[in-house]
Amino acid sequence: MSGSQLWDDVDFYFTSHLSPDDEALQAALRDSEAAQLPHVNVTASQGKLLHLLAQIQDARTILEIGTLGGYSTIWLGRALPADGRLVSLEYSAKHAEVATRNIARAGLDKIVEVRVGPALESLPKLADENPAPFDLVFIDADKANNAHYVEWALRLTRAGSLIIVDNVVRGGRVVDAESIEPEVRGTRAAIEMIAAHPRLSGTAIQTVGSKGYDGFALARVLA
């Protein structure tokens, strides 16, 4: 059995027992596929992890940077109380339209707001609204701007908030200090910012599975 097949089989085993999709999640994936959205959504196991982290945080407010078809948004939104708030920023109007339908079908449209436009334009506008600090920020957008997103996450959170950065391993390319790939450079900048910033304590975890070899970074905001 090949390594990738084994990863798929293990993923299936864990997912079927610990994080099975329901109709709303399955429909979100089907509609994303039908709309030809990129196949870069989190897996069911990763979605469940986000859900659990939001619950562990006792999150009432969540910021998501990168909505895609709303699959991760649904997992995160379901961790919020009835009066919680999730703001999700999506660059593509097409993706946002698909996500908005998926979120509504999941019954989360009252607490989830999808904002369309480049995140680096949406974030200053959001900050100008002086929102309550976000308890959790999930960053899963264009990787070249990861460091900028972490910086904005710091501005919009409080001591004790959690920042999650997805896709940080880049198939192992993150170790290449000479890389000219924008996604690698942006990810390295984010990791180095987390390492050096006095208000952040973080780590990064490598993962394998049906999405291949990758990983995520976690950072807790300090006082």
Side-chain angles (χ1 to χ4, degrees), residues 7 11 14 19 38 40-59 61-68 71-73 75-76 79 86-91 119-120 122-123 133-223:
W7 297 348
D11 245 7
F14 286 148
S19 50
V40 293
N41 54 273
V42 301
T43 66
S45 293
Q46 292 165 344
K48 183 64 175 291
L49 175 62
L50 292 173
H51 180 87
L52 290 172
L53 288 171
Q55 289 182 321
I56 291 166
Q57 277 292 102
D58 196 21
T61 55
I62 295 174
L63 173 62
E64 179 181 48
I65 304 176
T67 317
L68 195 62
Y71 184 76
S72 58
T73 319
W75 278 109
L76 286 166
L86 193 160
V87 177
S88 189
L89 309 180
E90 173 52 47
Y91 176 83
L120 291 180
S122 298
L123 286 162
F134 289 97
D135 301 313
L136 185 149
V137 179
F138 178 47
I139 299 171
D140 191 14
D142 57 306
K143 313 309 175 187
N145 283 310
N146 271 343
H148 297 302
Y149 296 146
V150 171
E151 183 178 6
W152 273 106
L154 264 173
R155 298 185 194 184
L156 292 165
T157 51
R158 56 168 177 78
S161 294
L162 183 65
I163 301 170
I164 307 166
V165 186
D166 201 11
N167 306 128
V168 298
V169 172
R170 315 304 306 164
R173 298 190 304 282
V174 71
V175 301
D176 184 2
E178 305 303 319
S179 175
I180 61 172
E181 183 181 341
E183 293 80 6
V184 171
R185 293 173 66 89
T187 298
R188 287 177 61 90
I191 295 296
E192 290 161 17
M193 176 183 292
I194 292 170
H197 203 289
R199 291 187 59 219
L200 290 174
S201 175
T203 190
I205 300 295
Q206 302 180 75
T207 62
V208 297
S210 58
K211 291 301 177 88
Y213 173 41
D214 210 335
F216 59 91
L218 291 172
R220 186 170 178 83
V221 180
L222 307 176

>> To the nearest 0.5 Å, what is the distance between CD on Glu151 and CG on Asn145?
In response: 11.0 Å

> Closest approach of Gln46 and Thr207, non-hydrogen atoms and distance?
Replying inline: NE2-OG1, 4.5 Å

> Nearest 0.5 Å, what's the CH2-CG distance between Trp75 and Leu50?
Replying inline: 9.5 Å

> So which heavy atom on Glu90 is nearest to which on Gly66, and how close?
Replying inline: OE1-C, 4.0 Å

Name each donor-acceptor pair under 3.5 Å that joins a side chain in residues 192-202 to protein atoms two or more places apart or in another chain, with its distance.
residue	atom	partner	partner atom	Å
His197	ND1	Arg199	N	3.0

>> Is it the case that the side chain of Gln206 and the backbone of Gly215 share a donor-acceptor pair, with hydrogens and angles ignored and the cut-off at 3.5 Å?
In response: no

>> Using the rule given for side-chain contact (heavy atoms from CB on, under 4.5 Å), can you reason through Arg220 versus Gln57, listing the C-alpha separation, both sets of side-chain angles and the distance that settles it, and then say yes or no?
In response: CA-CA 11 Å; Arg220 186 170 178 83; Gln57 277 292 102; 3.3 Å; yes

> What are the two closest non-hydrogen atoms of Ser19 and Lys48, and how far apart are they?
Replying inline: CB-CB, 3.4 Å

> For the atom pair CG (Leu63) and CG (Leu136), what is the distance rounded to the nearest 0.5 Å?
Replying inline: 9.0 Å

> Under the 3.5 angstrom rule, does the side chain of Thr61 hit a backbone N or O of Asp135 as a donor-acceptor pair?
Replying inline: yes

> Do side-chain atoms of Asn146 reach the backbone of Ala190 as a donor and acceptor pair under 3.5 angstrom?
Replying inline: no

Identify all side-chain donor-acceptor contacts of residues 159-166 below 3.5 Å with residues at least two apart in sequence or on another chain.
residue	atom	partner	partner atom	Å
Ser161	OG	Phe134	O	2.7
Ser161	OG	Arg158	N	3.2
Ser161	OG	Arg158	O	3.2

>> Checking Val137 against Leu156 for the side-chain contact (heavy atoms from CB on, under 4.5 Å) test, could you report, in this order, the C-alpha distance in whole Å, the side-chain angles of both residues, the deciding distance, and whether it holds?
In response: CA-CA 9 Å; Val137 179; Leu156 292 165; 5.8 Å; no

> After noting the C-alpha distance and the side-chain angles of Thr67 and Tyr91, does the key distance pass the side-chain contact (heavy atoms from CB on, under 4.5 Å) rule?
Replying inline: CA-CA 8 Å; Thr67 317; Tyr91 176 83; over 6 Å; no

> Arg185 side chain to Ala144 main-chain N or O, any donor-acceptor pair under 3.5 Å?
Replying inline: no

> Taking all non-hydrogen atoms of both residues, which atom of Arg173 and which atom of Val184 are closest, and how far apart?
Replying inline: O-CG1, 3.4 Å

> Do Glu64 and Ser72 pass the side-chain contact (heavy atoms from CB on, under 4.5 Å) test, and can you show the C-alpha distance, the side-chain angles, and the key distance before you say yes or no?
Replying inline: CA-CA 9 Å; Glu64 179 181 48; Ser72 58; 2.5 Å; yes

> At their closest point, which heavy atom of Asp214 faces which heavy atom of Val168, and how far apart are they?
Replying inline: OD1-N, 3.4 Å

> For the atom pair OH (Tyr149) and CG (Asp142), what is the distance rounded to the nearest 0.5 Å?
Replying inline: 3.5 Å

> Which heavy atom in Tyr213 sits nearest to a heavy atom in Gly172, and how many Å separate them?
Replying inline: CE2-N, 3.7 Å

>> Restricting to side-chain contact (heavy atoms from CB on, under 4.5 Å), what partner residues turn up for Leu49, sequence neighbours left out?
In response: Leu53, Phe216

> Is the shortest distance from a Lys or Arg side-chain nitrogen in Glu183 or Arg170 to a carboxylate oxygen in the other one below 4.0 Å?
Replying inline: no

> Any side-chain heavy atom of Leu89 within less than 4.5 Å of one from Trp152?
Replying inline: no

